[in-house]
Amino acid sequence: MSVYPAARFLTSARGASQFVEDSGVEVAFAGRSNAGKSSAINMIMNRRNFARTSKSPGRTQLINFFGLEPGRRLVDLPGYGYARVSRAVRDQWRRLLEDYFQRRRSLVGTVLVVDSRRRLGELDRMMLGWCASIGCPVHVLLTKADKLGRREAAEALAAVQQELGGGATVQLFSATKGTGLEEARRRLDALLGGEPS
Ligand SMILES: Nc1nc2c(ncn2[C@@H]2O[C@H](COP(=O)(O)OP(=O)(O)O)[C@@H](O)[C@H]2O)c(=O)[nH]1
Ligand SMILES: [Mg+2]
């Protein structure tokens with residue numbers, strides 16, 4: 001199990017011209033604002049503040065690139081679905097994400113972070129659609145599982161599993177309790193071991 005001790009921030013991109021060189025492999029983390037994406041990244045990377053955890057969701061409209069080791073990257077995509085952003089910001093978000101998914105040859109997998117209490121939403125489904133259209137494997141982290149009882153958590157997992165069919169893998173996760181941490185690290189490593197398209 002690797003926690004990438006040499007991991008470091010590379011750059012923030014507002015548009016495709018600012019993306020880091022498209023070589024090697026990278027795994028993108030996507031999800032609704034406030035789903036727990038930054039907390040999950042920090043936990044998986046074993047860093048307290050690798051990806052910034054924010055109490056004001058929707059502020060970051062940038063793609064953040066992190067180097068894990070030579071030729072391997074983690075990409076923190078801007079969160080979506082924050083109600084109080086303007087139409088213009090949403091359109092900008094969509095263009096940035098479409099640009100990323102359409103042109104990124106080094107993208108070998110996506111980790112979709114979903115609040116286990118909310119399950120999949122419309123924009124999660126759009127994200128799954130983009131990934132499917134380019135043949136990019138997806139692993140779904142159902143976060144904040146600590147906020148559900150054991151039975152509710154099992155129900156959420158079964159429901160999302162059923163909706164995804166064989167199209168993606170899915171697991172329960174909690175950044176506060178550490179639930180599912182080993183499995184999440186294994187999945188990330190497995191995705192990063194994949195071949196670039
Ligand atoms: N109870 C609980 N709270 C969490 C968990 N993950 C994140 N949070 C909280 O949810 C809020 C949003 O988390 P953050 O990681 O910033 O979400 P992001 O917007 O998706 O990056 C913060 O207040 C976190 O402390 C979790 O697994 N369990
Ligand atoms: Mg965040």
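Counting starts at 1 for both ligands and their atoms, in listed order. Since this is a predicted model, take the numbers as computed values, not measurements.
- Ion pairing between a basic and an acidic side chain is recognised when a charged N comes within 4.0 Å of a carboxylate O; R125 and E163 show such pairing.
- Counting heavy atoms only, K144 comes closest to atom 4 (C) of ligand 1 of the residues K147, R32, K144.
- Of all atoms in ligand 1, numbered sequentially from 1 with element shown, those under 4.0 Å from a heavy atom of S174 are 27 (O).
- No side-chain donor-acceptor contact under 3.5 Å links Y4 and N46.
- Contacts with ligand 1 closer than 4.0 Å are made by side-chain heavy atoms of D146 only, the backbone lying farther away.
- By heavy-atom distance, the residue among G31, S116, G36 lying nearest atom 17 (O) of ligand 1 is G36.
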Next on the checklist: The test is side chain to side chain contact (heavy atoms under 4.5 Å, CB included); show your working for M45 and F66 and say whether it passes.
Outcome noted: CA-CA 11 Å; M45 300 308 297; F66 297 91; over 6 Å; no

Next on the checklist: Run D22 and S106 through side chain to side chain donor-acceptor pair (under 3.5 Å) and show every step you take.
Outcome noted: CA-CA 6 Å; D22 196 2; S106 51; 2.5 Å; yes

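- Taking any N or O of N34, backbone or side chain, at least one lies under 3.5 Å from an N or O belonging to ligand 1.
- Counting the atoms of ligand 1 from 1 in the order shown, those under 4.0 Å from a heavy atom of K37 are 15 (O), 17 (O), 18 (P), 20 (O), 21 (O).
- Atom CZ of R14 sits in a sparse spot, with 12 or fewer heavy atoms from other residues, nucleotides or ligands closer than 6.0 Å.
- Shown are L74, V111, L181, V3; of these, the side chain to side chain contact (heavy atoms under 4.5 Å, CB included) with I44 is made only by L181.
- Between the side chain of K37 and the backbone N or O of L77, at least one donor-acceptor pair lies under 3.5 Å.
- Every atom of ligand 1 with a heavy atom of S38 under 4.0 Å away is listed here by number and element: 15 (O), 18 (P), 21 (O).
- At least one heavy atom of T176 sits closer than 4.0 Å to an atom of ligand 1.
- Checked against L120 for a side chain to side chain contact (heavy atoms under 4.5 Å, CB included), the options V170, L142, V160 give a single hit: V160.
- Crowding of R94 atom CZ: a count of heavy atoms from other residues, nucleotides or ligands under 6.0 Å not exceeding 12.
- Residue-ligand proximity, S39 to ligand 1, at heavy-atom distances under 4.0 Å covers atoms 6 (N), 7 (C), 13 (O), 14 (P), 15 (O), 24 (C).
- Between G79 and ligand 1 there is no heavy-atom distance shorter than 4.0 Å.
- Within the 4.0 Å heavy-atom criterion, neither part of K177 lies near ligand 1.
- Residue A175 has at least one heavy-atom neighbour below 4.0 Å for each of these atoms of ligand 1: 6 (N), 26 (C), 27 (O).
- Residue side and main chain included, S38 places an N/O/S atom under 2.8 Å of the Mg ion (ligand 2).
- Close N/O approach between A35 and ligand 1 is found [any backbone or side-chain N/O within under 3.5 Å].
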